[in-house]
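Below is one structure; the comments refer to it alone.
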Amino acid sequence: MRVRKWMVAGAFGLAFCALGAGPGAAQSLRVMEGAATAPLNVPMNRAVVVESDVPFAELSIANPGIADISTLSDRSIYVLGKAPGRTTLTLLGGDGSLIANVEVQVAPDVAEFKERLRQILPGETIEVRTANDGIVLSGTVSSTAKLDRALDLAERYAPERVSNLMSVGGTQQVMLKVRFAEMQRSVAKDISSSLAISGGNSVGINAETGTWLSGDNGLSNSTIAARNGVQGAMALGFTAGSLQFGVLLEALESKGVVRTLAEPNLTALSGQEAKFLAGGEYPIPVADNDGITIEYKPFGVELNFTPVVVDGDIINLTINAAVSSIDSSISIQTEGINVNAIQRRETSTTVEMRDGESFAIAGLLQDDFQDMTSQVPWLGDIPVLGALFRSADFQRDQSELVIIVTPHLVTPTRGRALALPTDRVRIPTEKELFLFGKVEGGSGPAGEVARQDFNGSYGYVME
């Protein structure tokens, strides 16, 4: 009897079939004594038909909430997947003996999802698997945008049950080049005059606009001189009979140009924030209940940015750039300490561009004009001669500022391929220093570049 039972179990194992891809398709199961070597995979909300050459008398399912079964005949079983999970299908013979225990695994139906994924993202190597009642995505996609599309589509089939194991291929490191360029121009013109007339020691007539005749410039002096520190002034004194005349004229024109240029470069991984500061921190005293504490405000060239490689060479940039400096023309005193102001030019924005393209993210044109006239009443209105009783001041300031950003997709390179500023200068030998007066040595590691003076090209080499 025992030999017969083994023969029946072996024959039944070779004949037992189950569904693979859809209704009507079967998956071969090798049935051993009391168990099956492979599970029966059933898509959720779909049914499969299992056929057997050996008739069975009774069957049962361990968890009807996962799968439902019904008999079509004594050789066919209808299995319906109801909920994700695993359960056991038991087949019994006519004498109550165990024919097989078949493990039934119900998983979400991802066949339609795979088809839609191939249609929406052709050419992307995305693998789709099921885990319990969720979907697991793995593989490599070409951009962040396509990764987001795949996740959005998966959420339609398994809301809040999607596991992302995908990675983004291609270049995902961004180098941002920022150029700050500012030009300031100023023009100032001043014209002032002073006039004094005296007819003797007891009677005198004095008229002036300004303070040029104060101090040692009295009419009793034979020579009238300009005060110390006065620029563009001309003094004239003479006598005509019993009358004494003193005249001072001041005419000054000043022009100034200031050029500011900064080019910080910074590299960051896609989606990660990078910060750069070239400058320092300015101490500011702050009074509180415990006395005076010091707070530090950064100044210099600041750059904070977060790059995101959207698709291919399209880069989304969130930028915060600033250039600041200490302004000694504005200051306040607190607790007996003199504190200067900080002049700051800052911009914060989000832009999107391709690799190597440039964008002027900020610009400023500023034109300040101021003039002022002061005169002696009535006398300053006299034509021609009234200029001696009048002073005028004119000042104009112009400023132009532009900030340009250029992102580049970059990859690491070997350290020897990068040139450093220190590679261009070699410490001189004692012979070169004391005999020839050279502060730099001869040919160093950088060859011809090391022999360039500071009037030529300079900077670091990124290529």
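Along the sequence shown, residues are numbered consecutively beginning with 1.
The backbone N or O of Gly134 lies less than 3.5 Å from no partner atom in the side chain of Tyr157, so there is not a single donor-acceptor pair. Not one N or O on the side chain of Gln370 forms a donor-acceptor pair closer than 3.5 Å with the backbone of Arg396. Formation of a donor-acceptor pair under 3.5 Å by the Ser324 side chain with backbone atoms of Gly300 is found in this model. Panel note: side chain Glu432, backbone Thr429; a donor-acceptor pair is recorded below 3.5 Å. Between the side chain of Thr87 and the backbone N or O of Asn63, at least one donor-acceptor pair lies under 3.5 Å. Remark: the backbone N or O of Val286 is paired with a side-chain donor or acceptor of Thr293 at under 3.5 angstrom.
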Evaluation steps, side-chain contact (heavy atoms from CB on, under 4.5 Å), between Thr130 and Val136:
CA-CA 6 Å; Thr130 58; Val136 179; over 6 Å; no

Can you check side-chain contact (heavy atoms from CB on, under 4.5 Å) on Leu364 and Arg345, steps first, answer last?
CA-CA 10 Å; Leu364 172 66; Arg345 284 82 72 199; 5.5 Å; no

Is there a salt bridge (charged side-chain N to carboxylate O under 4.0 Å, His left out) between Glu127 and Arg129 once you walk through the steps?
CA-CA 7 Å; Glu127 299 180 2; Arg129 297 181 178 88; 2.8 Å; yes

Is there a side-chain contact (heavy atoms from CB on, under 4.5 Å) between Tyr296 and Ile284 once you walk through the steps?
CA-CA 6 Å; Tyr296 292 90; Ile284 298 177; over 6 Å; no

Val48 and Tyr78: side-chain contact (heavy atoms from CB on, under 4.5 Å), yes or no, with the steps?
CA-CA 6 Å; Val48 298; Tyr78 184 85; over 6 Å; no

Under the side chain to side chain donor-acceptor pair (under 3.5 Å) rule, what do Glu182 and Gln184 come out as? Steps first, then yes or no, please.
CA-CA 7 Å; Glu182 183 177 14; Gln184 297 178 351; 3.0 Å; yes

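Taking all atoms of both residues into account, the shortest heavy-atom contact from Met44 to Val106 is CA-CG1, 3.9 Å. Shown here for Val187 and Lys255, the closest heavy-atom pair between the two residues is CG2-CG, 4.3 Å. Residues Met353 and Phe359 share a closest heavy-atom pair of CE-CB, 3.4 Å. Among all heavy-atom pairs drawn from Asn340 and Tyr282, the shortest one is N-OH, 3.0 Å. Phe299 approaches Ile342 most closely through the heavy-atom pair CB-CG2, 4.5 Å. Here the closest non-hydrogen pair linking Pro307 and Leu317 is CB-CD2, 3.7 Å.
A donor atom on one side chain and an acceptor atom on the other are not found under 3.5 Å apart for Thr306 and Thr318. For Thr88 and Asn101, the side-chain atoms include no donor-acceptor pair closer than 3.5 Å. Between Gln398 and Glu400, the side chains place no donor N or O within less than 3.5 Å of an acceptor N or O (distance only, hydrogens not considered).
You'll find the ring centres of Phe369 and Phe394 inside the 6.0 Å limit.
Using a 4.5 Å cut-off on side-chain heavy atoms (C-beta onward), Asp313 and Leu409 make contact. A heavy-atom distance below 4.5 Å is found between the side chains of Met166 and Leu151.
The pair Glu281-Lys297 does not meet the salt-bridge criterion, since no charged nitrogen lies less than 4.0 angstrom from a carboxylate oxygen. With respect to Arg344 and Glu302, a salt bridge is recorded, a charged nitrogen being found less than 4.0 Å from a carboxylate O.
Residue Leu121 is tested with Leu147, Val141, Ile126 for a side chain to side chain contact (heavy atoms under 4.5 Å, CB included); the sole match is Ile126.
Within 6.0 Å of CD on Glu430 lie no more than 12 heavy atoms contributed by other residues, nucleotides or ligands. Other residues, nucleotides and ligands contribute more than 12 heavy atoms inside 6.0 Å of the NZ atom of Lys82.
For Ser348, the side-chain contact (heavy atoms from CB on, under 4.5 Å) criterion is met by Asn320, not counting sequence neighbours.
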